[in-house]
Amino acid sequence: MNKIISIEHLSENVVKLSIEAPRIARKRKAGHFVIVKIGEKGERIPLTISSSDPEKGTITLVVQRVGVTSHKISNLHVGDSVTDVVGPLGLTTHVEKFGTVLCAGGGVGTAPLLPIVEAMHKAGNRVITVLAARNKELIILEEEIGEFSDEVVIMTDDGSYGRQGLVTHGMEEIIQREKVDFAVVIGPAIMMKFSSMLTKKYNIPTVASLNAIMVDGTGMCGACRVSVGGATKFVCVDGPEFDAHEVNFDELLTRLGGFRDEEFKAYQIFLETLKKEVT
Amino acid sequence: MENMVEHLARERSMEWREALRKSIKAKDRTSLERVAMPEADPAERAKSHVEVNQGLSVQMAVEESRRCLDCPDPTCIQGCPVSINIPKFIKYIEKKDFAGAARSLKETNALPAVCGRVCPQEIQCEASCFYTLKLKAPPVAIGHLERFAADWERKSGKMFIPEVAPANGIKVAVVGSGPSGLAVAGDLVRLGYAITVFEALHEPGGVLKYGIPEFRLPNEIVDVEINNLKKMGVEFLTNFVVGKTATIQELKAEGYQAFFAGSGAGLPNFMHIPGENANGIMSSNEYLTRVNLMNAAHDDYDTPVLLGKNVAVIGGGNTAMDSVRTAKRLGAERAMIIYRRTLAEMPARNEEIKHAQEEGIEFLNLNNPVEYFADKNGRVNRIRLQKMELGEPDASGRKKPIPIEGSEYELEADLVIVSVGVSPNPLIPQSIPGLKVSRWGTIVVDEKEMQSSVPELFAGGDIVRGGATVILAMGDGRHAAAGIDRYLQKKNRSAS
Ligand SMILES: Cc1cc2nc3c(=O)[nH]c(=O)nc-3n(C[C@H](O)[C@H](O)[C@H](O)COP(=O)(O)OP(=O)(O)OC[C@H]3O[C@@H](n4cnc5c(N)ncnc54)[C@H](O)[C@@H]3O)c2cc1C
Ligand SMILES: Cc1cc2nc3c(=O)[nH]c(=O)nc-3n(C[C@H](O)[C@H](O)[C@H](O)COP(=O)(O)OP(=O)(O)OC[C@H]3O[C@@H](n4cnc5c(N)ncnc54)[C@H](O)[C@@H]3O)c2cc1C
Ligand code: SF4
Ligand code: FES
């Protein structure tokens, strides 16, 4: 059992929680994720470790509410426990001194981006970060990202905060302005697809962190398989980060919808029961 | 020391065994018919998850036990990978001392209730029974009797918990809680070692839990065994991936003096043919894990599973058979096995094939998929199959399937389960510098002690054999436990 030490609502649909997991807190590095399960009957879902405190033995997760499990997480309180937490899983981010690194985070993708921004900064890179979301409400972790970035550019679809436009607009301006040696893009699959098409155009080596559907997270099931450079890879053990220019994003997009009807139905039933409990 | 043959002869010459032998003439024993295992009705069970084999009644078991001749040279034992003293436990059943039967099974087999259900007895002990070899008659139902004795003991509520030696304070880490890991833990805890079993998943049991379905091996049976180990003092740490949560080196620094890797052959193989990453195509590991471990078919559990009208399962092993029978139970109209050889070469147990046929599973033998097609949402809807014919035997001794040119045709399928084998889990081998592994990624061990090239690391089960059986994994675990004990005794003697 992993006790919740603090919980903070970053926006209407995004919560940040720090939970007890001493071994994971000590071991984790940028790029790692955990699999969590809420309750005996819960499902296993992957979440990036956004940061950790090895002394206190806690890890921080940032979760966007999109379905049953993420909703259950957003309803937890300090003192509750997360039934199962396992990790740190996946390979760590390859960090070195590239020169100038352009980091782009879309929506809740900012959470997994944070440890990478921090690591790239600490390796002596000049780090420029573009944060993008639909509106001001959905821009998260701006302050934490700012701490490790030489510059932060905010883009919103509706112009309610920062500049109006898509993440790719913000990225392209920077690429045209100065020499970028390396790029990291994390967010919804569609955002990663277009961001990596952009960096490809400018020949900038780029990694993307893929958010495939997972079950075990240890290489045992193959639910998380993706095509990279024409070969099948398992995101949980071969990733989650891959050469973005080699990833088949269209296949990833299709596979993310693999259980859409079942998930939608389950979420509707879940919301109904929530309503009943309230009344 | 007494050798195996002498030991068996001495036990056989015990008075009670002699008396039993004399009580019925051999001719009368051999004229008895093999007692049939009661089975759930095929039409009913194909819609539910009840256990197919219902177990022998007391009367049936005693009757079957009378068939066993208590042979002077019990060839059945040679057919058993862990040399269970088969006539001894069967004669206990004949004597109606069922607790005695269970106890004598446990002298060699840590998991008789499991093995009695899932062992391929038809190619092991029962294949070398006197009845099979000499009388050309159906063998003694050794597996059914093993299961009977173990179930009787469990249901009696008085399970025999072996005595545990005084704690010696020596810590041993067991990685993985499949049959090999459970066997190591059981043997070493009895000798007084402090055992921690590390398990990556949120529940212990390995393939016994996440792979083999309820209708063949109810989870409850595995849980009882795990609880007994807990009662004996074994500590289980779930949600702990050795190599990730902590490495072997780190655990060593925490005081663990020896390690057993029983991490299994968990990585599913795919065929790498066009369209294989479409939605609705998944490994049998994913399918069975969702259904068995995550309870996905129950509405009150959160994990989803895809249901199919036309379900095609690729492969012919136990895993394929378990998947296709699960699909049928989840409501498939057509549940099909697609296998590139014929029934004769199928690696699945005969019993599973027979049960599958009774349940209305279709067998498309001598067929092999070459491509998958998907609908506009990316969900698989058709398979392109190629017909095969059998050629000369290959390295495995089985006839090699050869594609027939121009025989391709298409089949409708909205769910495809790929069940074409597994590879060893690389997590442990990768995280240990200097560990010797084979070309196939299995850990290389010396066969007697089960010791790897890293002296404090022992290994067994599928991570060594690359995919075997429950009984072989369990046997490996027992050998490794003895090896670990000898290693630690020697090490701690020379240290003091
Ligand atoms: C390595 C990795 C790291 C991740 N890190 C984070 C993180 O730090 N914070 C965070 O909020 N999310 C993260 N995700 C995504 C997160 O796992 C999913 O949002 C979660 O599984 C949804 O579960 P649910 O039951 O709430 O919704 P579901 O009912 O499962 O799904 C609801 C909707 O979300 C979509 N969806 C389902 N699974 C995913 C997925 N894996 N990625 C994107 N969309 C999905 C579905 O198509 C559906 O439309 C990560 C995913 C991976 C693979
Ligand atoms: C569907 C199916 C049906 C089968 N049917 C039969 C049958 O009828 N009869 C038969 O005899 N055999 C059968 N088998 C084969 C048999 O189940 C296996 O040979 C046996 O379970 C192997 O045991 P094991 O101890 O090697 O490990 P496994 O049972 O594979 O267990 C390994 C465990 O280790 C854990 N693990 C892996 N890596 C780590 C790590 N780094 N840290 C912590 N834990 C880790 C895994 O999560 C898993 O729980 C079947 C297999 C399958 C998949
Ligand atoms: S070979 Fe058959 S008949 Fe003989 S002892 Fe073994 S089980 Fe009994
Ligand atoms: S999540 Fe099962 S293999 Fe990656």
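Chain A is the first sequence line, chain B the second, and so forth, proteins listed ahead of strands; every chain is numbered from 1.
Scanning all heavy atoms of the two residues, the minimum distance from B:Pro268 to A:Gly222 falls at CG-N, 4.1 Å. Closest approach of B:Ser283 and A:Cys221 over heavy atoms only: OG-O, 2.5 Å. Considering every non-hydrogen atom in both B:Met294 and A:Arg44, the closest pair reads CE-CG, 3.6 Å. In terms of heavy atoms, B:Ala200 sits closest to A:Thr218 at CB-CG2, 4.3 Å.
With rounding to the nearest 0.5 Å, the separation of CG in A:Asp84 from CG in B:Leu201 is 10.0 Å. Going from atom CG of B:Asn425 over to atom CE of A:Met220 covers 9.5 Å, rounded to the nearest 0.5 Å. Rounding to the nearest 0.5 Å gives a distance of 14.0 Å between OH of B:Tyr301 and CD of A:Glu43.
Interface summary for chain B: among A:Lys72, A:Lys37, A:His32, the most heavy-atom pairs under 4.5 angstrom belong to A:Lys37. Per-residue counts of heavy-atom pairs under 4.5 Å with chain A were compared for B:Leu288, B:Thr238, B:Ile281, B:Thr247; the largest is that of B:Ile281. Put simply, of A:Val226, A:Asp216, A:Thr254, the one with the most heavy-atom pairs under 4.5 Å next to chain B is A:Thr254. Counting heavy-atom pairs closer than 4.5 Å to chain B, the top-ranked of the candidates A:Lys41, A:Glu263, A:Glu251 is A:Lys41.
With 3.5 Å as the limit, one finds no donor-acceptor pair spanning the side chains of A:Arg255 and B:Asn277. In the model, B:Asp302 has no side-chain atom that pairs as donor or acceptor with a side-chain atom of A:Thr69 under 3.5 Å.
For the pair B:Glu254 and A:Arg23, the salt-bridge criterion is met [side-chain N within less than 4.0 Å of a carboxylate O]. One finds a salt bridge joining A:Lys27 and B:Glu250 here, because a Lys/Arg side-chain nitrogen approaches an Asp/Glu carboxylate oxygen to under 4.0 Å.
Interface with chain B: from residues 54-68 of chain A, residues A:Val68 qualify, criterion being any non-hydrogen pair under 4.5 Å.
For chain B, the nearby part of A:Ile213 is the side chain; its heavy atoms alone come within less than 4.5 Å. Heavy atoms closer than 4.5 Å to chain B are found in the backbone of A:Val85, but not in its side chain.
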